[in-house]
Amino acid sequence: MHFEKKVLVLIIAILAVFACDPKEDTDPTIKAAQNVTFKKIMELSPFAAAENISVSPNEKYMIFSYQENTTVKNYYSKDGGETVQELFTYGNGSGISTQTNISNSGLFVTSGGGVYDLNNIRSGSAAVHYATGVTDSGKLIYIQNDGANGKTFFIDNNGTYESTGVRLTMDQSFYLGTSGEKMGFFDSYNRVIGEFDVATKTFTQATLTNLNYSQVYGNGLSRNKVKTAYSYGHFAYAKEGGVIIITPSKEIRYYNYPADYQIWQNTEGGMKLFGDHAYVNIFDRWGAKKLYVASGTTVEPVDHDFAVCRVGDKVYSQGFLENGSRFKSGIIKESNGTKSYLPLEYDFQYASNQMFGKTYVLGNYAYVSDKVYDISAKTYATSPIGEIVSIYHDESKTLAYTSKGIYTSTDNRNWTEESTDPIRPNLVTKGTDGKYHALTLVQQVYISPSTQARTYSVDIRAYESVNGIGWNFVTGSATNLSGTGPRFMSSDGKVQAINNNVGSAGISSFSENFGESWVRIVNGVNTTTGEAVPAGFKTSEFEMSNGKFLSVQFEFNGQMFLNSCATSTGDCTEIEIVPSFNAESMYQFDDGSTTLTSKDELVFNTLDGIYLSSSIR
């Protein structure tokens, strides 16, 4: 062979060696995983739930209260709801009522008699004064004994109470509250109303001889059902079947609840009065609660709950706004028929400190809980299909198994209801046999009476379908396995349930026939056959559109690893990833909330919001 030909053959051989070098011929999926990027698609939304709302007449000062477990937490704003801070009180500052009058200067009086100034609240602060009530203009009134004069009205003058000499000729227990520049009293048994006018320093009372309680349904004999209230010269009386409002001119208006609400239970839910608007929190005969407002000549339902405050024609409430900027809820201000959230935020109440839970991203929409988020518009709306239990991306459509039924969509926003079958599969796949396979998982928990330790197990049932809509139970597949259950089932029938109970490391159950039957694996040994599982045995979490398999692993120190696998049970390559989000908490809250899109993008639920990865395929 000529020298030139030998050289040419050698060059070709060298090039062939390099061409076969696996480092130069990287698997596209592994390469995509190595170069994965992340972007935040959902920010944590401001969240403000309240059971009670109080607003000053000038709408500058606000108090919001809600109960967290057994503790009532109070928050306040002194800038019209732009910002909010926790309200700390103690001693006679305890007992903020459900309808607290706040003056235009930020003063309010607790049910314990403590006076607080929202302009001067400190952590652990005590009351700055004491009083019975405060007027809109900030006048403090105190009712106390004045020698032979008996119960007398005193008005604060630069920190010192001065007697007006005006006697309270009714029992002080009939005091209902202060609003405007007056204090209101109502002896409903004797039909006597009274008012102390702070401006004129006069007390007047009147007996309502024409007040007829029988014009409203119910006996009104139970004190825990009868409610009374006072607001800007108006008095209200509510009982089992309706409401009575007495106007400043002594006009008496009678309102009966709708027939389904005229029951013995009412009005235990409570009543709030704002001028001539009486809001009642009542039950129907089936136990459902609804808020109604009595005013003018009608009693009408409203679309929010009992957390309500009315200032003139403006209504403050708490709840969710369709196509608004909040996932959960917020304080809503309604003015001239337009509703909008106040900017304030004051708490996050999420399982495991995470806001969103398992999130499914379908095109330009993210579905989480019972909401759908428009990623482009950054708004939330109630999901038309309810809360998603699981998703299967079919060739030309998406199958969604939800709390309401089974739905299909071709555009990820408009859905067709296919079935209301009660089967809500948690894991769904289309097998290589051409059938659809599913598992339902029902969590069980045992709590030790002595130690309160929790032990988990899961009831599993397998199903088959020809179309992913109508399901048939696989006879003999019902079983109970220790732990919280499997997270994934592959198209070749592989599914593993790891026993993640305390003290059960190395124990799992494994199925090769879509959960129809199971074997137990202990420390890498199949206890049925006595054989060790194959080297590199590892089940994945996701099956990608290119036939590869993927799992995600977080370490306690924030390290993140992607495992790209050629098969459903092994042949994996582990890749360490440096995410752009804080992953330190992901190990602690790793509850299987990561999902995969039809484009093979990973969706991560973090303490900082929802992140979407680039495609891994």
Side-chain angles (χ1 to χ4, degrees), residues 43-129 134 136 138 177 270 272 274 279 281 291 304-311 314-321 324-335 339-350 353 355 607:
E43 295 279 357
L44 293 182
S45 97
F47 177 49
E51 295 171 8
N52 296 306
I53 302 171
S54 297
V55 181
S56 64
N58 61 5
E59 301 179 82
K60 180 179 179 181
Y61 301 96
M62 304 173 178
I63 296 176
F64 312 98
S65 305
Y66 76 95
Q67 185 162 326
E68 186 178 84
N69 299 320
T70 59
T71 303
V72 175
K73 301 189 74 172
N74 300 296
Y75 293 82
Y76 72 99
S77 174
K78 56 183 180 180
D79 54 15
E82 290 292 328
T83 60
V84 71
Q85 303 173 63
E86 189 165 358
L87 177 57
F88 295 97
T89 61
Y90 73 88
N92 63 357
S94 61
I96 294 176
S97 67
T98 59
Q99 190 177 331
T100 302
N101 185 55
I102 310 172
S103 76
N104 284 325
S105 57
L107 299 178
F108 72 94
V109 180
T110 70
S111 58
V115 177
Y116 281 79
D117 182 358
L118 292 179
N119 292 300
N120 186 28
I121 295 291
R122 303 175 304 278
S123 177
S125 65
V128 298
H129 207 6
V134 60
D136 288 358
K272 295 178 182 179
F274 305 100
Y279 291 83
N281 201 25
L291 189 67
H304 53 76
D305 60 22
F306 199 45
V308 60
C309 183
R310 190 179 187 96
V311 181
K314 298 170 185 174
V315 177
Y316 291 84
S317 61
Q318 181 273 327
F320 173 77
L321 285 179
S325 60
R326 303 193 178 209
F327 165 57
K328 285 289 187 182
S329 63
I331 306 299
I332 298 169
K333 178 179 180 179
E334 181 177 357
S335 179
K339 296 181 179 182
S340 60
Y341 288 121
L342 293 184
L344 62 87
E345 58 179 282
Y346 61 71
D347 202 17
F348 293 102
Q349 296 178 327
Y350 324 123
N353 291 326
M355 183 174 197
L607 295 183

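Everything quoted here is computed from the prediction, not taken from an experiment.
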Tell me, do Phe320 and Arg326 make a side-chain contact under 4.5 Å, heavy atoms counted? no
From CG (Leu321) to OH (Tyr341), nearest 0.5 Å: 4.0 Å
Is it true that a side-chain atom of Asp305 and a backbone atom of Glu51 form a donor plus acceptor pair closer than 3.5 Å? no
Qualifying residues under salt bridge (Lys or Arg N to Asp or Glu O under 4.0 Å), relative to Lys60, sequence neighbours excluded: none
Specify the closest pair of heavy atoms between Ser325 and Ser45, including all atoms of both residues, with the distance to one decimal. O-CB, 3.7 Å
Taking all atoms of both residues into account, what is the closest heavy-atom pair of Gly138 and Leu107, and its distance? O-CD1, 3.8 Å
So, does Lys272 use its side chain to make a donor-acceptor pair with the main chain of Gln99 at under 3.5 Å? no
Between Ala127 and Tyr116, what is the shortest heavy-atom contact and its length? N-OH, 3.2 Å
Go through it in stages, so that I can follow the logic: the residues are Val109 and Thr100, the test is side chain to side chain contact (heavy atoms under 4.5 Å, CB included), and I'd like the CA-CA distance, side-chain angles, deciding distance and then a yes or no. CA-CA 7 Å; Val109 180; Thr100 302; over 6 Å; no
So which atom in Asn119 and which in Ser105 form the shortest heavy-atom distance, rounded to 0.1 Å? ND2-O, 2.9 Å
If I compare all heavy atoms of Tyr61 with all of Gly106, which pair ends up nearest, and what's the gap? CE1-N, 3.4 Å
I'd like to check Ile63 versus Leu118 (side-chain heavy atoms, cut-off strictly below 4.5 Å). Are they in contact? yes
Among all residues two or more places apart in sequence or in another chain, which pass the ring-ring contact (aromatic ring centres under 6.0 Å, His included) test with Tyr316? none
Pairwise distance OG(Ser65) to CG(Asn74) - rounded to 0.5 angstrom: 3.5 Å
Where does the angle between the aromatic ring planes of His304 and Tyr279 fall among parallel (under 30°), tilted (30 to 60°) and perpendicular (over 60°)? tilted
What is the distance from atom OG of Ser103 to atom CG of Asp117, rounded to the nearest 0.5 Å? 8.0 Å
Interatomic distance, Phe306 atom CZ to Asn52 atom CG [nearest 0.5 angstrom]: 8.0 Å
Looking only at side-chain N and O atoms, does Ser317 offer a donor or acceptor that is under 3.5 Å from a partner on Glu334? no
Between the CD1 atom in Ile331 and the CG atom in Leu344, the distance rounded to the nearest 0.5 Å is 6.0 Å
Can you tell me how far the CD atom of Glu82 sits from the OG atom of Ser77, to the nearest 0.5 Å? 8.0 Å
State, with a plain yes or no, whether a side-chain heavy atom of Leu342 is found less than 4.5 Å away from one of Met62. yes
Could you tell me which residues satisfy ring-ring contact (aromatic ring centres under 6.0 Å, His included) with Tyr76, sequence neighbours excluded, listed by chain and number? none
Check Ile53 against Ala307 and note the closest heavy-atom contact, atom names and distance. CD1-O, 3.5 Å
When you compare the side chain of Leu87 with that of Tyr75, does any pair of heavy atoms fall below 4.5 Å? no
